[in-house]
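Notes for the one structure printed next.
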Protein chains: 2
Amino acid sequence: MRSTCGTERSGGDDLTTRARIRDAAVARFAREGFHRTTMRAVAADAGVSPGLLIHHFGSKDGLRRQCDEYVLAWFVQRARAEASTDGLREVIASFVADPAATRVPMDYMARAVTEGTPTGAGFIDTMITETEQYVHAGVADGTLRPVDDARATAVVMAMGSLAMLLLPDQIARTLGEPAFGPTVLRRLTGPLLQLYTEGLYTDETVRRITEDSLAALDGAGSHGTEAGPEGSTR
Amino acid sequence: MRSTCGTERSGGDDLTTRARIRDAAVARFAREGFHRTTMRAVAADAGVSPGLLIHHFGSKDGLRRQCDEYVLAWFVQRARAEASTDGLREVIASFVADPAATRVPMDYMARAVTEGTPTGAGFIDTMITETEQYVHAGVADGTLRPVDDARATAVVMAMGSLAMLLLPDQIARTLGEPAFGPTVLRRLTGPLLQLYTEGLYTDETVRRITEDSLAALDGAGSHGTEAGPEGSTR
DNA sequence: TAGCGTACTGAACATGCGTTCAACATGCGG
DNA sequence: CCGCATGTTGAACGCATGTTCAGTACGCTA
């Protein structure tokens with residue numbers, strides 16, 4: 001083990017070999033997913049031999065664990081920065097300056113989520129729990145309307161951000177933009193603000209109809225479909 | 001080639017061998033993704049030898065193409081069914097009766113989307129384009145409020161459904177439910193209806209602040225960050 | 001300078017993969 | 001009965017992968 005464990009930033013060219021390998025692995029995992037990236041490809045990207053990856057990380061899974069930890073730390077640091085006004089401004093500025101750079105940890109986390117790793121699951125959990133706290137606080141101070149089910153509301157709110165994390169390229173493509181950058185974010189901001197401040201339906205019709213239908217389903221299904229059709233064939 | 005090409009349903013036990021292989025492959029691809037499922041595993045599931053898969057589908061990629069086509073047809077048929085009231089009722093009923101059955105094509109399409117296959121991209125495109133048409137129609141007949149950017153609004157609306165397609169298990173877990181079923185859908189419906197009929201913010205503050213900040217960014221960044229920081233390092 | 005531990009190499013190994021192929025079964029038209 | 005096309009098998013092939021290991025280079029301590 002070395003004393004410079006895990007705290008090197010990946011900016012300059014004078015990185016530890018270990019850090020260079022880790023950066024190469026993060027990039028590959030982000031771009032191609034864990035299963036498709038080969039140790040040899042990572043080694044080649046880092047300019048070392050395949051054996052060295054084993055020497056430093058024990059196995060491919062060990063390498064993944066280190067990458068998970070590193071990317072998670074990136075997100076934590078970023079979230080902390082976003083808390084302050086100046087930090088947020090800086091985060092936005094860096095994204096505007098070079099959207100592609102932000103994409104690497106983003107895509108990595110997207111892979112972690114879709115591949116169902118513990119890191120991805122934990123990321124979603126904290127994301128939704130923090131959104132839930134925001135909902136509670138907002139309702140308490142009158143910023144947000146009262147909600148029935150704060151947790152479910154948080155899930156609905158978070159799903160939008162999650163989709164942006166998971167499908168940036170698809171979103172950019174359907175908007176006819178060349179890549180996911182400030183322009184795309186700009187176009188999504190308007191509709192999102194409209195939705196959250198005044199909704200989209202002009203009246204209560206859809207809400208009433210849907211809730212009536214659900215109530216009717218409850219009435220009709222009360223003879224056998226009531227509690228726990230979940231996981232019947234699982 | 002055979003005359004019974006592609007139109008067998010996968011309900012009974014008297015399936016063509018070809019269809020049995022296809023069904024086994026769809027299930028495996030849905031559960032584990034394309035890259036992780038092996039031809040041997042599919043062959044074992046279908047009760048045949050590995051060589052037969054090649055005989056029928058030419059290659060693993062050929063098998064995937066057939067599966068894509070089959071699942072896409074399932075979605076088209078389902079969308080058609082949802083158009084009529086009775087059909088919709090039936091779709092809902094079948095989902096309530098056995099949510100797990102619906103999950104196979106859903107998970108398959110989720111894989112297709114996250115793995116970036118043409119099928120997945122096409123699915124998203126049609127989904128968003130149809131949402132956009134719904135927005136146009138709704139604005140025209142007064143059901144929906146007027147929107148600035150119908151396409152972007154459609155993207156925002158579709159992202160919620162997309163997240164439900166991609167992360168059903170994660171959503172169920174964060175809601176403390178054992179599986180993604182009617183109960184989860186029920187809990188999400190309330191917040192979604194609230195959001196779409198009245199919004200969540202109690203006033204215009206957030207909208208005004210955000211739009212002012214964006215305008216300020218435009219003013220400050222007009223000396224070099226205006227057109228096309230997209231894909232600068234790509 | 002000798003000794004030693006650590007970083008590092010690259011050939012080799014074992015395994016699992018997609019695919020090939022020779023062989024067999026079966027049914028059908030002549 | 002023959003001949004042939006088709007469905008099916010299972011052993012084998014070639015290749016790519018993760019991992020091992022013997023060996024080299026190098027810097028440090030004594």
Side-chain angles (χ1 to χ4, degrees), chain A residues 1-8 10 12-68 111-112 115 117, chain B residues 1-8 10 12-68 111-112 115 117:
Chain A
M1 286 297 164
R2 298 184 88 257
S3 57
T4 53
C5 220
T7 12
E8 323 90 346
S10 44
D13 220 22
D14 53 347
L15 286 168
T16 323
T17 310
R18 228 184 109 94
R20 231 178 333 122
I21 295 172
R22 189 240 298 128
D23 285 357
V26 167
R28 280 266 175 190
F29 289 158
R31 196 162 357 112
E32 309 175 359
F34 177 73
H35 220 77
R36 282 153 103 133
T37 74
T38 69
M39 296 289 266
R40 285 174 229 267
V42 173
D45 288 353
V48 298
S49 70
L52 194 58
L53 306 212
I54 300 292
H55 175 71
H56 277 306
F57 300 95
S59 68
K60 193 183 180 185
D61 225 69
L63 178 57
R64 193 235 287 264
R65 273 191 295 275
Q66 291 291 319
C67 292
D68 278 15
R111 294 284 184 188
E115 287 171 5
T117 72
Chain B
M1 289 293 169
R2 300 185 85 255
S3 56
T4 53
C5 221
T7 11
E8 322 91 345
S10 45
D13 219 22
D14 54 345
L15 287 167
T16 323
T17 309
R18 228 184 109 93
R20 231 179 331 124
I21 295 172
R22 190 236 302 125
D23 285 357
V26 167
R28 281 267 175 189
F29 289 158
R31 196 161 358 112
E32 309 175 359
F34 177 73
H35 213 252
R36 281 153 103 133
T37 75
T38 69
M39 295 290 265
R40 286 173 228 268
V42 174
D45 289 352
V48 298
S49 71
L52 194 58
L53 307 211
I54 300 293
H55 175 69
H56 277 305
F57 299 95
S59 68
K60 193 183 179 185
D61 224 69
L63 178 57
R64 192 234 286 264
R65 272 193 295 275
Q66 291 291 318
C67 292
D68 278 14
R111 294 284 184 188
E115 286 170 7
T117 71

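Order of the sequence lines sets the chain letters (A, B, ...), proteins ahead of strands, with each chain counted from 1.
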Please determine, for the side chain of [X], which listed nucleotide ([options]) has the closest atom?
{"X": "A/Ser59", "options": "C/dT19, C/dT9, D/dT19", "value": "D/dT19"}
{"X": "B/Met39", "options": "D/dG7, D/dG18, C/dT19", "value": "C/dT19"}
{"X": "B/Leu52", "options": "C/dT9, D/dT8, C/dT19", "value": "D/dT8"}

Q. Does D/dG7 have OP1 or OP2 sitting under 4.0 Å from an N or O in the side chain of B/Thr17?
A.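 No, outside the criterion.
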
Q) Counting only side-chain N and O atoms of B/His55, is one of them less than 4.0 Å from OP1 or OP2 of D/dT8? A)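 So the side-chain polar atoms of B/His55 never come under 4.0 Å of the phosphate oxygens OP1 or OP2 of D/dT8.
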
Rounded to whole angstroms, how far apart are [atom1] on [X] and [atom2] on [N]?
{"X": "B/Asp61", "N": "C/dC17", "atom1": "CG", "atom2": "P", "answer": "18 Å"}
{"X": "B/Ile21", "N": "C/dG18", "atom1": "CD1", "atom2": "C1'", "answer": "15 Å"}
{"X": "B/Ile54", "N": "D/dA12", "atom1": "CD1", "atom2": "C1'", "answer": "15 Å"}
{"X": "A/His56", "N": "D/dT19", "atom1": "NE2", "atom2": "P", "answer": "16 Å"}
{"X": "B/Leu53", "N": "D/dT9", "atom1": "CG", "atom2": "P", "answer": "10 Å"}
{"X": "B/Phe57", "N": "D/dG7", "atom1": "CZ", "atom2": "C1'", "answer": "13 Å"}
{"X": "B/Arg64", "N": "C/dT19", "atom1": "CZ", "atom2": "P", "answer": "12 Å"}

Q. If you pin B/Gly47 and A/Phe34 to their nearest nucleotides in DNA chain D, which one's is more 5'?
A. B/Gly47

Q: Map A/Thr38 and A/Gly51 onto DNA chain D by nearest heavy atom, then report which one ends up closer to the 5' terminus.
A: A/Thr38

**Q.** Ionic contact status for A/Asp68 with A/Arg64, cut-off 4.0 Å
**A.** no

**Q.** Toward the 5' end of DNA chain C, by each residue's nearest nucleotide, A/Pro50 or B/His35
**A.** A/Pro50

(Q) Distance check, rounded to the nearest 0.5 Å: B/Thr37 atom OG1 versus B/Leu63 atom CG? (A)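 Interatomic distance, B/Thr37 OG1 to B/Leu63 CG, rounded to 0.5 Å: 8.0 Å.
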
Q.
Suppose we call a contact any N or O donor and acceptor under 3.5 Å apart; does that hold for the side chain of A/Arg40 and the base of D/dG18?
A. yes

Q | Test item: A/Arg111 side-chain N/O and A/Phe34 main-chain N/O as donor-acceptor pair under 3.5 Å | A | no

Q. Is there a donor-acceptor contact under 3.5 Å from the side chain of B/Thr38 to the main chain of B/Ala41?
A. yes

Q: Apply side-chain contact (heavy atoms from CB on, under 4.5 Å) to A/Arg20 and A/Thr17, showing your working.
A: CA-CA 5 Å; A/Arg20 231 178 333 122; A/Thr17 310; 3.5 Å; yes

